[in-house]
Amino acid sequence: MIRACAVADLPLGEALRLGGPAPIAVFHTEDGFFAVDDTCTHQDASLADGWLEGCFVECPLHAARFDLRTGAPTCLPAKAPVRTRRVVITDGAVYVDAPVPAVP
């Protein structure tokens with residue numbers, strides 16, 4: 001698990017991007033916090049830069065839309081799902097189940 005941010009640092013309706021070899025997007029929705037691999041499966045675009053509506057995010061490049069709960073695309077042009085990541089809230093912080101980057 002990696003620490004993404006403090007709960008208070010990610011307002012409702014907002015997203016943040018965790019960098020790294022496999023970037024992750026973390027979203028704060030009315031239904032809670034969700035995390036998915038940040039790159040749209042249709043074309044290389046950051047989903048953290050997309051539009052959030054409920055538990056869905058729309059890619060800013062070609063309007064592919066993904067369900068944050070399952071990672072499934074809900075419309076074209078995306079056909080493949082994005083990988084979802086487990087999110088845990090502990091002691092006022094948001095943690096994401098993701099590999100810890102190796103230290104060189």
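Keep in mind that the numbers below use all heavy atoms, side chains included, and drop hydrogens, waters and symmetry copies. Note that this is a predicted model, so its numbers are computed, not measured.
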*Counting only N and O atoms by type, is there a donor-acceptor contact under 3.5 Å from the side chain of Thr41 to the main-chain atoms of Ala80?*
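The answer is yes, because a donor-acceptor pair under 3.5 Å joins these two groups.
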*Any donor-acceptor pair under 3.5 Å linking the side chain of His28 with the backbone of Gly13?*
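No, the answer is negative, given that no donor and acceptor are paired below the 3.5 Å cut-off.
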*Leu47 and Val36: side chain to side chain contact (heavy atoms under 4.5 Å, CB included), yes or no, with the steps?*
CA-CA 9 Å; Leu47 294 175; Val36 297; 4.3 Å; yes
Looking at side-chain heavy atoms only, is the closest gap between [X] and [Y] below 4.5 Å?
X: Asp97; Y: Val88; answer: no
X: Val94; Y: Leu10; answer: no
X: Leu68; Y: Thr84; answer: no
X: Phe56; Y: Thr74; answer: yes

Identify all side-chain donor-acceptor contacts of residues 59-66 below 3.5 Å with residues at least two apart in sequence or on another chain.
| from | atom 1 | to | atom 2 | distance (Å) |
| --- | --- | --- | --- | --- |
| His62 | ND1 | His42 | ND1 | 3.4 |
| His62 | ND1 | Gln43 | OE1 | 3.3 |

*Does Phe33 share a hydrophobic cluster with Leu52, counting links as ILVMFWY side-chain heavy atoms below 4.5 Å and allowing steps through other members?*
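No, no single cluster joins them.
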*Would a hydrophobic clustering, with Ile, Leu, Val, Met, Phe, Trp and Tyr connected at side-chain separations under 4.5 Å, put Val82 with Leu76?*
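Different clusters.
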_Partners meeting ring-ring contact (aromatic ring centres under 6.0 Å, His included) with Tyr95 (sequence neighbours left out)_ =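 Tyr95 satisfies ring-ring contact (aromatic ring centres under 6.0 Å, His included) with no other residue.
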*Between SG of Cys75 and CD of Glu58, what distance do you get to the nearest 0.5 Å?*
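Rounded to the nearest 0.5 Å, the SG-CD separation comes out at 7.0 Å.
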_Test of understanding: with salt bridge (Lys or Arg N to Asp or Glu O under 4.0 Å), list the residues that count as partners of Arg85, not counting sequence neighbours._
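Per chain and number, Arg85 pairs via salt bridge (Lys or Arg N to Asp or Glu O under 4.0 Å) with Asp37.
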*Kindly write out the residues that satisfy salt bridge (Lys or Arg N to Asp or Glu O under 4.0 Å) with Asp49, not counting sequence neighbours, or none if the list is empty.*
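Listed in chain order: nothing, the list is empty.
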*side chain to side chain donor-acceptor pair (under 3.5 Å) with Arg69: which residues, sequence neighbours excluded?*
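Checked Arg69 against side chain to side chain donor-acceptor pair (under 3.5 Å); matches are Asp67.
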*Which pair of heavy atoms, one from Val96 and one from Ala35, lies closest together, and at what distance?*
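Scanning both residues, the minimum pair turns out to be CG1-CB, 3.9 Å.
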*Closest contact, heavy atoms only, Asp31 versus Cys55*: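 Looks like OD2-SG, 3.1 Å.
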Table please: side-chain donor-acceptor pairs of residues 14-27 below 3.5 Å, with sequence neighbours left out.
| from | atom 1 | to | atom 2 | distance (Å) |
| --- | --- | --- | --- | --- |
| Arg17 | NE | Asp38 | OD2 | 2.8 |

